[in-house]
Amino acid sequence: MKIILSPAKKMRVDRDTMPVRELPELLNKTEQVLDWLRSQTGGELQKLWGCSDRIAAENIRRLADMDLRRGLTPAILSYEGIAYQYMAPGVFEDGQFAYVQEHLRILSAFYGVVRPLDGVTPYRLEMQAKASVDGSRDLYAFWGRTLYDTVRDGSGVYINLASQEYSRCIEAYLTEKDRFITCVFGEMSGGKLVQKGTYAKMARGEMVRYMAENRVVEPEELKGFDRLGYVYREALSDAATYVFERVK
């Protein structure tokens with residue numbers, strides 16, 4: 001079973017908390033992305049990133065100094081978004097690190113697929129960015145089915161905690177033998193289940209933590225998730241979608 005999760009825009013450097021275990025598996029393709037980014041002008045990069053002058057300048061400096069093999073941070077500690085804050089890997093026990101290293105895969109526009117203890121460096125790039133690396137029309141075309149092939153294992157079971165921007169990289173290549181389960185976190189409003197971005201991100205991180213603490217290996221075990229006020233709703237769920245309602 002594999003859990004897929006989106007990366008976060010905000011990243012940090014932490015070379016002291018724990019060592020990097022390996023380099024990302026698709027580093028040769030990351031080098032192609034890096035070469036393409038370095039070939040762009042500052043104005044083109046700012047347009048690609050859709051960011052302020054300050055953030056553009058910071059990331060242009062990062063590109064100039066970037067080393068993909070030295071001075072790295074374990075990915076699970078580098079990403080600082082809401083999901084990662086609620087996952088709280090900084091207080092994981094050894095068994096929880098072992099669990100996520102085996103089961104969790106972070107999808108990335110820059111690295112492709114990242115294991116939690118792979119060494120990464122801060123970057124800025126979203127999968128939906130119009131980057132024509134190696135002549136491809138966009139990053140979805142550049143990565144193609146490589147992400148699916150890298151993530152899949154013998155179980156054929158995927159727990160989707162990623163945003164649509166990233167989950168489509170896997171969904172597009174699923175076969176009849178695969179089981180792809182999307183976890184939906186929402187609350188009732190006007191008789192409809194509504195997902196709110198911040199709360200959903202919080203729940204995704206908390207779900208990873210729940211799975212790691214309980215060593216979840218079967219999808220049925222997810223239904224016991226009851227954190228942050230969420231409860232599993234059988235009536236709203238099906239084989240491909242597990243719905244969790246936030247009860248106020």
Side-chain angles (χ1 to χ4, degrees), residues 1-11 50 76 79-92 96 99-100 103-109 116 126-129 140 147-148 151-152 155-176 178-248:
M1 183 179 71
K2 287 294 186 286
I3 310 159
I4 60 170
L5 186 67
S6 303
K9 284 184 181 179
K10 189 176 180 183
M11 299 181 70
I76 201 170
Y79 293 112
E80 284 196 296
I82 294 171
Y84 294 86
Q85 293 171 28
Y86 277 78
M87 189 193 310
V91 293
F92 271 8
Q96 292 166 304
Y99 176 89
V100 294
H103 296 284
L104 178 64
R105 295 295 179 266
I106 301 163
L107 306 182
S108 164
E126 296 179 58
M127 191 64 76
Q128 58 193 0
Y140 290 108
L147 277 62
Y148 168 79
V151 167
R152 69 177 179 176
S155 73
V157 177
Y158 308 85
I159 306 302
N160 176 28
L161 297 176
S163 65
Q164 188 174 8
E165 177 185 354
Y166 288 92
S167 65
R168 61 182 281 195
C169 299
I170 306 299
E171 284 186 278
Y173 302 96
L174 294 173
T175 71
E176 292 181 357
D178 293 321
R179 186 179 180 194
F180 191 83
I181 302 169
T182 297
C183 292
V184 174
F185 302 96
E187 55 189 75
M188 298 305 293
S189 177
K192 296 182 179 180
L193 189 79
V194 177
Q195 290 195 81
K196 296 185 178 179
T198 299
Y199 286 117
K201 290 176 183 178
M202 291 163 55
R204 289 167 183 160
E206 193 71 49
M207 177 63 90
V208 174
R209 183 168 190 81
Y210 172 85
M211 294 176 75
E213 288 178 352
N214 292 281
R215 310 296 195 271
V216 171
V217 294
E218 296 292 340
E220 283 291 313
E221 298 176 73
L222 297 178
K223 297 177 181 181
F225 179 77
D226 59 357
R227 301 182 179 183
L228 303 180
Y230 286 95
V231 293
Y232 174 71
R233 291 303 191 203
E234 185 78 44
L236 301 176
S237 303
D238 56 37
T241 308
Y242 285 7
V243 175
F244 298 85
E245 181 188 354
R246 182 168 169 262
V247 181
K248 297 179 180 180

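- Residues Arg215 and Gln96 are in side-chain contact: their nearest non-hydrogen atoms beyond the backbone lie under 4.5 Å apart.
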query = What do the steps show when you test Tyr79 against Leu5 for side-chain contact (heavy atoms from CB on, under 4.5 Å), and what is the final call?
reply = CA-CA 11 Å; Tyr79 293 112; Leu5 186 67; over 6 Å; no
task = Walk me through it: do Ile76 and Met87 pass the test side-chain contact (heavy atoms from CB on, under 4.5 Å)?
result = CA-CA 9 Å; Ile76 201 170; Met87 189 193 310; 3.7 Å; yes
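- Once rounded to the nearest 0.5 Å, the distance linking CG of Asp238 with OG1 of Thr182 reads 9.5 Å.
- Under a 3.5 Å cut-off, the side chain of Ser237 and the backbone N or O of Val243 do form a donor-acceptor pair.
- Minimum interatomic distance between Cys169 and Leu147 (heavy atoms only, all atoms of both residues): CB-CD2, 3.8 Å.
- Using cut-offs of 30° and 60° on the angle between ring planes, the pair Tyr158 and Phe180 is tilted.
- Taking CD of Gln164 as the reference point, atom OG of Ser6 lies at 10.5 Å (rounded to 0.5 Å).
- Once rounded to the nearest 0.5 Å, the distance linking NZ of Lys196 with CE of Met202 reads 12.0 Å.
- Remark: Arg168 is positioned above the aromatic ring of Tyr140, its terminal NZ or CZ atom under 6.0 angstrom from the ring centre and at most 45 degrees off the axis.
- In terms of heavy atoms, Arg204 sits closest to Ala162 at NH2-O, 4.2 Å.
- Note: Leu228 CG to Tyr210 OH = 13.0 Å, rounded to the nearest 0.5 Å.
- Glu165 places a side-chain N or O within 3.5 Å of a backbone atom of Met127 that can act as its donor or acceptor partner.
- With ring centers used as reference points, Tyr232 lies under 6.0 Å from Tyr242.
- Shown here is Lys2, whose NZ atom has more than 12 heavy atoms of other residues, nucleotides or ligands within 6.0 Å.
- Annotation: the span from Asp178 atom CG to Arg152 atom CZ amounts to 8.0 Å, rounded to 0.5 Å.
- In this structure, the side chains of Ile170 and Leu107 come closer than 4.5 Å at one or more pairs of heavy atoms.
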task = For side-chain contact (heavy atoms from CB on, under 4.5 Å), just list the numbers for Phe185 and Met207, CA-CA rounded to whole Å, side-chain angles, deciding distance to a tenth of an Å, and then say yes or no.
result = CA-CA 10 Å; Phe185 302 96; Met207 177 63 90; 4.1 Å; yes
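- Checking side-chain atoms of His103 against main-chain N and O of Met1 turns up a donor-acceptor pair under 3.5 Å.
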task = Walk me through it: do Ile106 and Tyr84 pass the test side-chain contact (heavy atoms from CB on, under 4.5 Å)?
result = CA-CA 11 Å; Ile106 301 163; Tyr84 294 86; 3.4 Å; yes
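- Annotation: Tyr199, atom OH; neighbour count of heavy atoms from other residues, nucleotides and ligands within 6.0 Å does not exceed 12.
- From Met211, atom CE reaches atom CG of Leu161 across 7.0 Å, with rounding to the nearest 0.5 Å.
- Panel note: side chain Ser167, backbone Ser163; a donor-acceptor pair is recorded below 3.5 Å.
- Among all heavy-atom pairs drawn from Asn214 and Glu221, the shortest one is O-OE1, 4.5 Å.
- Annotation for Lys223: atom NZ counts as buried by contact number, over 12 foreign heavy atoms lying within 6.0 Å.
- Note on Lys9 versus Glu126: salt bridge recorded, some NZ/NE/NH1/NH2 to OD/OE distance being below 4.0 Å.
- Gln85 contributes a side-chain N or O that, together with a main-chain N or O of Glu80, makes up a donor-acceptor pair within less than 3.5 Å.
- Annotation: ring pair (Phe, Tyr, Trp, His ring centres under 6.0 Å) contacts of Tyr86 (sequence neighbours excluded): none.
- You'll find the side chain of Ile3 reaches within 4.5 Å of the side chain of Tyr99, heavy atoms only.
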